[in-house]
Number of protein chains: 2
Amino acid sequence: MPKDRAPTRIQKKNRAAIIEAALNVFSAHGFRGATVDQIAAEAGLSKPNLLYYFPSKEAIHTALLSGLLDVWLAPLHDLDETGDPLQEILSYVHRKLQMSRELPRESRLFANELVQGAPRIHQALSNDLRVLVDEKSEILTQWMDQGKIARLHPHHLIFSIWALTQHYADFDVQVRAILGDEDPFEGAEPFIDTLYRKLLTP
Amino acid sequence: MPKDRAPTRIQKKNRAAIIEAALNVFSAHGFRGATVDQIAAEAGLSKPNLLYYFPSKEAIHTALLSGLLDVWLAPLHDLDETGDPLQEILSYVHRKLQMSRELPRESRLFANELVQGAPRIHQALSNDLRVLVDEKSEILTQWMDQGKIARLHPHHLIFSIWALTQHYADFDVQVRAILGDEDPFEGAEPFIDTLYRKLLTP
DNA sequence: TCTTGATTTGACCATCTGGTCAAACTCACG
DNA sequence: CGTGAGTTTGACCAGATGGTCAAATCAAGA
């Protein structure tokens, strides 16, 4: 494996190519369904060469997930206590839907992991994620106390946003099978916007 | 393989045990992640014995999925044109949530398949499911035309019900990691009920 | 250019996995 | 009971898969 000095030009390029390839393969087939050969081929490397950069399949998966977790949680992280409640929430919803549209592989990567019991990221869920959600739920509760938005269970409000937005990335095949040629997000955007405006009006 | 006469007592028992075991294993690990040995062990059979009842892993999966599809779609199928619009929809939502609570393995089985592009049930999606959804969307549209419920994109309304209810089964680990000891459905039920009452009010 | 560390690879290995098969065993029924 | 169909299994196979290794090749600074 490469020494842990400053990464060389080649190391940067190949590590990036591997992570990109791994995202493709893991998101499409899940951890178990992905093969190292597949990832290597997609990254344009031989299998031993790939394993020169990452010690194992598991290590690639871990690196990929932990690298993405921040990106994935950024929109919720940005929910601003001092902003306008309805606008803040609608903006969060909007960003999440945008991510389903633009980063569907990332969404499916997490979906794959979660639906199988999250054996490799259970840690992060019970710690980082839980803390973040509790923190933001606190803000939501304050807004409700102040009568700025309707009173609802804050955790379930957040779950609903995840469910409604990620559905379009995770179950893309199903959505498209039903909508046919229609662009899913064309209709999803106003639908979800209306939903939260109605729901959150006190 | 057993002849296709009337199934014997033993055939009935073992086929049922295999399907039950397959549901456990496939829903927890996905098609690729499940092994025939695992299913056989769970069913209390040896691998060759299992393969005496089903010709292949694929065949078990297919039998399982097609056997469940009807159960899975029954609630939507039962949406009744002649009933009270709001009550009909709320009742559908309620049944779907109930299914997430009582049949989480079934939900995850489909989720696993869908999130990986539904390679084995694409057929059913584009045919049966699409027809059913189009048919029920027609009813929803009529209700909207009659001013009985708010005007919304009917397909996305249905998607939202799937997303909100199945989320609790499919991403159970995540939900529980955040809620801690709290029963997810305790809070989900009133939340989702409120959501659809507000959303559907014209 | 030369040297040294970084990079790449062909060959290989152990294990897992889906599936086969012939032989053995069990059961229901005449 | 005896017998033939139904059921079960140990042994086995071929291919896939994660991972290793020594040898070969390459790249960049002295």
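It should be emphasised that the depicted structure is a prediction, and the values quoted were computed from it without experimental measurement. Numbers restart at 1 for each chain; the letters A, B, ... are given by sequence-line order, proteins then strands.
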Between [X] and [Y], do the side chains contain an N or O donor and an N or O acceptor separated by less than 3.5 Å?
{"X": "His153(A)", "Y": "Glu186(B)", "value": "no"}
{"X": "Tyr168(A)", "Y": "Ser107(A)", "value": "no"}
{"X": "Asp70(A)", "Y": "His77(A)", "value": "no"}
{"X": "Asn112(A)", "Y": "His29(A)", "value": "no"}

Give the minimum heavy-atom separation between [X] and [Y], together with the two atoms involved.
{"X": "Asp80(A)", "Y": "Glu88(A)", "answer": "N-OE1, 2.8 Å"}
{"X": "Trp162(B)", "Y": "Lys96(B)", "answer": "CD1-CE, 3.9 Å"}
{"X": "Ala22(B)", "Y": "Ile60(B)", "answer": "CB-CG2, 3.5 Å"}
{"X": "Leu109(B)", "Y": "Leu65(B)", "answer": "CD2-CD2, 3.6 Å"}
{"X": "Val175(B)", "Y": "Pro184(B)", "answer": "CG1-CB, 3.7 Å"}

Against the six-membered ring of Phe26(A), is Arg32(A) placed for a cation-pi contact (under 6.0 Å from the centre, within 45° of the normal)?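 Arg32(A) over Phe26(A) ring: no.
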Regarding Arg120(A) and the six-membered ring of Phe31(A), is the cationic atom NZ or CZ under 6.0 Å from the ring centre and inside 45° of its axis?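 Yes, a cation-pi geometry.
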Would you mind reading off the distance between Lys12(B) atom NZ and dG6(D) atom P, rounded to a whole angstrom?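 Distance, rounded to whole Å: 16 Å.
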Roughly, in whole Å, what's the span from CG in Leu50(B) to C1' in dT7(D)?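 These atoms are roughly 13 Å apart.
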Reading nucleotides 18-30 of chain C 5' to 3', which nucleotides get B (base under 4.0 Å from a protein heavy atom), which S (sugar-phosphate only), which -? BBBB-----SS--
Going by heavy atoms closer than 4.0 Å, what residues in residues 22-30 of chain B are next to DNA chain C?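 Those residues whose heavy atoms fall under 4.0 Å from DNA chain C, taken from residues 22-30 of chain B, amount to none.
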Taking DNA chain C as the partner, which of residues 114-123 of chain B come within under 4.0 angstrom of it by heavy atom?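 The stretch gives none, as no residue of it lies under 4.0 Å from the strand.
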Check the phosphate of [N] against [X], side-chain N and O only, distance under 4.0 Å to OP1 or OP2. Yes or no?
{"X": "Tyr52(A)", "N": "dT8(C)", "result": "no"}
{"X": "Asn49(B)", "N": "dT9(D)", "result": "yes"}
{"X": "Thr8(B)", "N": "dT7(D)", "result": "yes"}
{"X": "Asn14(B)", "N": "dG6(D)", "result": "no"}
{"X": "Gln11(A)", "N": "dT7(C)", "result": "yes"}

